[in-house]
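For ligands, and for the atoms within them, numbers begin at 1 and follow the listed sequence. Everything quoted here is computed from the prediction, not taken from an experiment. Values below: every heavy atom of this structure, side chains too, minus hydrogens, waters and symmetry copies. Counting begins at 1 with the first residue of the sequence.
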Amino acid sequence: MKIETKTIHAGVSPDPVSGAIMTPIYQTSTYVQEAPGKHKGYEYARTQNPTRDALQNNLAALENARFGVAFSSGLAAVDAIIKLLSPGDEVIASNDLYGGTYRIFRKIFEKYGIRFHFTEMAETEDIRKLINKNTRLIWIETPTNPMLNIIDIKAVCGLARERGIRTVVDNTFASPYLQNPMDLGADMVMHSATKYLGGHSDVVLGAVLCSDEALAEALYFIQNSSGAVPGPQDCFLVLRGIKTLHVRMDRHCENGRAIAAFLKNHEKVEKVYWPGFSDHPKHQVAAAQMRDFGGMISFTLKGNRFEDAHKVLSNTKLFALAESLGGVESLIGHPASMTHAAIPKEEREKSGVVDSLIRLSVGIEHKDDLIADLEMALGKL
Ligand SMILES: *Cc1c(COP(=O)(O)O)cnc(C)c1O
């Protein structure tokens, strides 16, 4: 089945009681048993919920995985993945990570004796140097946030597999419509469904997808034991959002392409980061592992002044100044003072998050209106 059909049909079936075509929101905390221990597979709603099951199965299908495990947020999914590890274990991660992922690694899990190494992952050699006998997991985020670097998923997963190290890809930026890491050798795919999957900026949810049964069992155990489960209403909202994922993503990509080209030619703009440009250092890798290049774009201003970035950010009318991404509406953000404020200045500048860096999540409005909005805001400089 093609992904455009899976978004709508995978994992869902009409309600057996009423025939309702939409998955019911099973808003219940428990299930009545016929006799002690005799039940329909549902005992308590932290452990199982039919709305959540439908979402988990749908997400697994979209990523060509066998199992889906949903969590109350993307970070709860990150939390569950790191809880697979033990004190003394080491993780190698890309250095241009989502700020919250960096924060949970450094501020929560280091306390429990897990070590994290950060590297560019531009060359597999960079990773090879950090591998030792304690390395258990390689954490890949691609395209990266907010620099839109591209990591070669197949190359990194191949290297990890040789050494018996697990891999996970945070596929939030690309969404399963643009990129399927399991097909490229990843052991797990992680999503913040808060972004493109939900797609309407109205829900926070996360998931981990995998195909290894023992790994899935371990994740379900953590899901139930730690209890960071999504509610049925939230699962429903994400299921509904996913039904139009492919249509939305096509428009995000089309608008992204037009806006990247507009910015590249603008006199006030220094540099535009977007993997669709043929001069992006990893354009060929992006073209090979992604269906299209997405609607996330970052750019810097000539002179690299904080005040200029703030002027642009406070003058757009359609691009709303907000954290997050992946919704139908366009958003504009300033990584240095917003999403990446948790990362020390020195550290963030090493990876390119300078003072004038502006990040766009291009929505699905008409591209002419979006370009006019940016033109107007840049005209204030
Ligand atoms: C938003 C985001 C997360 C965290 O997800 P939440 O749903 O906000 O907890 C993780 N990774 C990436 C790439 C994100 O954009």
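- Closest non-hydrogen pair, Leu219 versus Phe71, comes out as O-CZ, 4.3 Å.
- Ligand 1 has Asp170 within reach: a non-hydrogen atom of the residue lies less than 4.0 Å from it.
- Within ligand 1, the atoms closer than 4.0 Å to a non-hydrogen atom of Ser73 are 7 (O), 9 (O), numbered from 1 in the order shown.
- The option with the heavy atom closest to atom 7 (O) of ligand 1, from among Leu75, Thr194, Leu197, Thr172, is Thr194.
- For His252 and Tyr196, the distance between ring centers is under 6.0 angstrom.
- In terms of protein heavy-atom proximity, atom 6 (P) of ligand 1 is nearest to Gly74 N, 3.3 Å.
- With sequence neighbours excluded, the residues that form a ring pair (Phe, Tyr, Trp, His ring centres under 6.0 Å) with Phe293 are Trp274, His283.
- Side-chain contact between Pro176 and Leu245: present, with at least one pair of heavy atoms (C-beta onward) separated by less than 4.5 Å.
- Judged by the 6.0 Å and 45° rule, Lys264 forms a cation-pi pair with Phe277.
- Of all atoms in ligand 1, numbered sequentially from 1 with element shown, those under 4.0 Å from a heavy atom of Glu141 are 13 (C).
- Ligand 1 has at least one atom lying under 4.0 Å from a heavy atom of Leu325.
- Here atom 3 (C) of ligand 1 lies nearest to Tyr98 when heavy atoms of Phe173, Phe71, Tyr98 are compared.
- For ligand 1, the polar-atom distance check finds an N/O of Ser192 within less than 3.5 Å of one of the ligand's N/O atoms.
- Scanning the protein heavy atoms around atom 2 (C) of ligand 1, the nearest turns out to be Lys195 NZ, 2.5 Å.
- Between Asp355 and Arg348, at least one side-chain nitrogen of the basic residue sits less than 4.0 Å from a carboxylate oxygen of the acidic one, meeting the salt-bridge criterion.
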